[in-house]
Protein chains: 2
Amino acid sequence: MNIGSAAERSGLPPKTIRYYEEIGLIPAAGRTEGGYRDYDETDVQILRFLRGARGLGFSVSECRELLSLYRDRDRASADVKAIALQRIGDIERKILELQSMRKTLKTLAERCHGDDRPDCPILEDLAAATPTD
Amino acid sequence: MNIGSAAERSGLPPKTIRYYEEIGLIPAAGRTEGGYRDYDETDVQILRFLRGARGLGFSVSECRELLSLYRDRDRASADVKAIALQRIGDIERKILELQSMRKTLKTLAERCHGDDRPDCPILEDLAAATPTD
DNA sequence: CTTGACCTTCCAGTCGCTGGAATCCCTATC
DNA sequence: GATAGGGATTCCAGCGACTGGAAGGTCAAG
């Protein structure tokens with residue numbers, strides 16, 4: 001099947017599939033006589049795997065690790081779990097950061113009357129910011 | 001004061017300050033005879049403002065808007081508030097997305113025994129992913 | 001035989017910096 | 001006055017993970 005069908009069946013855009021090939025995340029696809037990339041079900045499976053992993057926020061290099069574990073029949077599930085737990089930690093840190101931003105913004109937005117007058121605690125607060133690092 | 005002091009007093013790295021100048025986020029700084037950029041307290045104030053806004057996750061183009069509102073004495077606070085509310089919306093969407101990822105990953109990680117055996121629900125689940133879009 | 005949808009490669013751009021190289025300025029010490 | 005260092009300057013390249021677009025090749029239908 002050509003790259004368009006593989007894209008449709010995997011949920012990844014053709015451009016992304018070519019990009020993954022270029023960076024060596026997936027092996028170079030076979031070619032038809034006319035020079036078109038040719039994919040089979042196994043390839044699509046790998047592409048879907050990547051789409052799922054990327055969708056869970058794993059970086060491309062984490063995907064590389066996950067993929068090599070996926071292909072390794074002698075893998076230890078502990079290695080996979082470690083990557084997943086790491087990712088959960090990243091996500092939780094990010095959530096905390098976003099929640100803190102939201103809290104600050106909400107407080108400021110609540111205090112801003114939001115009409116046509118110019119005085120605004122949001123701007124005032126930003127202007128008063130001190131370098132805390 | 002030179003860029004190093006402005007950096008210290010604003011909390012932004014010198015490279016970032018030059019970058020902001022380059023992209024026109026801040027006006028070009030004055031220069032000393034020797035060609036060094038020269039900053040005063042007002043400049044540092046603006047840099048701090050930017051650091052605060054970026055720290056709350058506003059994009060550079062949002063910062064541009066916020067800065068122009070900040071400088072506009074005839075602004076309507078409603079315009080500022082609208083940007084802030086928009087940003088809160090972005091943050092909340094992002095939090096929901098991350099929470100969903102975390103939930104999926106947690107479920108998978110819990111079901112993975114994480115020892116030296118190869119069978120692993122994390123990999124199995126990724127491999128079974130279907131294009132849902 | 002032509003049309004149009006697909007494919008190919010390659011180059012550039014996105015966002016917000018960050019690193020590094022080569023060179024210049026300023027101050028302090030010998 | 002020479003020199004050493006710690007700044008500053010510019011410019012170019014790279015990060016991550018694509019995405020857009022141009023110029024051209026291929027394929028199936030009419």
Side-chain angles (χ1 to χ4, degrees), chain A residues 1-26 28-40 43-44 46-47 49-67 86-87 90-91 94 97 101 131 133, chain B residues 1-26 28-40 43-44 46-47 49-67 87 90-91 94 97 101 133:
Chain A
M1 98 191 63
N2 63 19
I3 200 169
S5 313
E8 208 172 333
R9 295 168 60 72
S10 68
L12 286 173
K15 280 249 168 192
T16 300
I17 299 176
R18 287 191 203 101
Y19 171 69
Y20 285 173
E21 180 181 313
E22 188 191 324
I23 62 171
L25 181 55
I26 53 176
R31 300 289 177 130
T32 65
E33 289 197 4
Y36 283 18
R37 284 176 183 79
D38 192 23
Y39 299 89
D40 61 20
D43 298 323
V44 169
I46 295 288
L47 292 172
F49 181 95
L50 289 172
R51 191 181 108 96
R54 291 286 301 125
L56 288 174
F58 289 103
S59 70
V60 163
S61 82
E62 285 166 333
C63 286
R64 233 179 264 269
E65 295 180 58
L66 288 170
L67 209 45
Q86 171 91 50
R87 176 72 195 130
D90 293 347
I91 289 173
K94 190 72 192 166
E97 190 192 345
M101 288 178 187
D133 56 357
Chain B
M1 99 189 65
N2 63 19
I3 201 170
S5 313
E8 209 172 333
R9 294 168 60 73
S10 67
L12 286 173
K15 280 246 167 192
T16 300
I17 298 175
R18 288 190 203 102
Y19 172 70
Y20 285 171
E21 180 180 315
E22 188 191 324
I23 63 172
L25 181 55
I26 52 175
R31 299 288 179 133
T32 64
E33 290 198 4
Y36 282 19
R37 283 176 183 79
D38 193 24
Y39 299 90
D40 61 21
D43 298 323
V44 169
I46 295 288
L47 292 173
F49 181 96
L50 289 172
R51 191 181 108 97
R54 293 285 301 124
L56 288 174
F58 289 103
S59 71
V60 163
S61 82
E62 285 165 334
C63 287
R64 235 179 264 269
E65 294 181 57
L66 287 170
L67 209 44
R87 174 74 194 128
D90 292 348
I91 289 173
K94 190 72 192 168
E97 190 192 344
M101 289 178 185
D133 57 358

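Atoms considered below: every heavy atom in the structure, side chains included; atoms not considered: hydrogens, waters and symmetry mates. Just so we're on the same page: letters track the sequence lines, and every chain starts at 1.
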Please give, in whole Å, the distance from D/dT9 P to B/Glu22 CD? 13 Å
If you assign B/Glu21 and A/Tyr20 each to the DNA chain D nucleotide with the nearest heavy atom, which residue ends up on the more 5' nucleotide? B/Glu21
So, the side chain of A/Arg37 versus the backbone of A/Ile17: is there a donor-acceptor pair under 3.5 Å, distance only? no
In whole angstrom, what separates A/Asn2's CG from D/dT26's C1'? 11 Å
Hey, does B/Met1 have a side-chain heavy atom less than 4.5 Å from the side chain of B/Val44? yes
Would you mind classifying the nucleic acid contact of A/Pro13 as base, sugar-phosphate or nothing, using non-hydrogen atoms under 4.0 angstrom? sugar-phosphate
Would you say a side-chain N or O of A/Ser59 is under 4.0 Å from OP1 or OP2 of D/dG16? no
From CZ of A/Phe58 across to C1' of D/dA17 the rounded distance in Å is 17 Å
Check B/Glu21 with B/Arg18, please: is the shortest side-chain N to carboxylate O separation under 4.0 Å? no
Given that A/Gly35 and A/Tyr19 both sit by DNA chain D, which one's nearest nucleotide is further toward the 5' end? A/Tyr19
Quick one: A/Glu62 CD to D/dG16 C1', roughly how many Å, whole number? 12 Å
Could you check how far CE of A/Met1 sits from C1' of D/dC27, rounded to whole Å? 18 Å
Base, sugar-phosphate alone, or nothing: which one does A/Arg37 contact when heavy atoms must sit under 4.0 Å apart? sugar-phosphate
A/Ile23 near the nucleic acid: base, sugar-phosphate alone, or nothing, with a heavy-atom cut-off under 4.0 Å? nothing
Could you state the atom-to-atom distance from CZ of B/Arg18 to C1' of D/dC11 in whole Å? 12 Å
Check whether any side-chain heavy atom of A/Ile91 sits under 4.5 Å from a side-chain heavy atom of A/Arg87, and report yes or no. yes
Residues A/Glu97, A/Lys94; criterion side chain to side chain contact (heavy atoms under 4.5 Å, CB included); working and verdict: CA-CA 5 Å; A/Glu97 190 192 345; A/Lys94 190 72 192 166; 3.6 Å; yes
Side-chain contact test, heavy atoms from C-beta onward, threshold under 4.5 Å: evaluate it for A/Met101 versus B/Asp90 and give yes or no. no
Considering only D/dC27, D/dC18, D/dT9, which nucleotide approaches the side chain of A/Tyr36 most closely? D/dC27
Ignoring hydrogens, what is the shortest heavy-atom contact between A/Tyr20 and A/Val60? Give both atom names and the distance. CE2-CG2, 4.5 Å
Atom CG of B/Asp38 and atom C1' of D/dT9 are separated, to the nearest Å, by 15 Å
Determine the contact category for A/Thr32: base if any of its heavy atoms lies under 4.0 Å from a base atom, sugar-phosphate if only primed atoms, P, OP1 or OP2 are that close, otherwise nothing. nothing
Measure from the side chain of B/Arg31, starting at C-beta and using heavy atoms only, and say which of D/dT10, D/dG7, D/dT19 lies closest. D/dT10
Of the listed nucleotides (D/dG20, D/dC11, D/dC18), which one gets closest to any side-chain atom of B/Lys15? D/dC11
Students should find that the nucleotides of DNA chain C closing off the region near chain B, any atom under 4.0 angstrom from a heavy atom, are C/dG16 to C/dC26
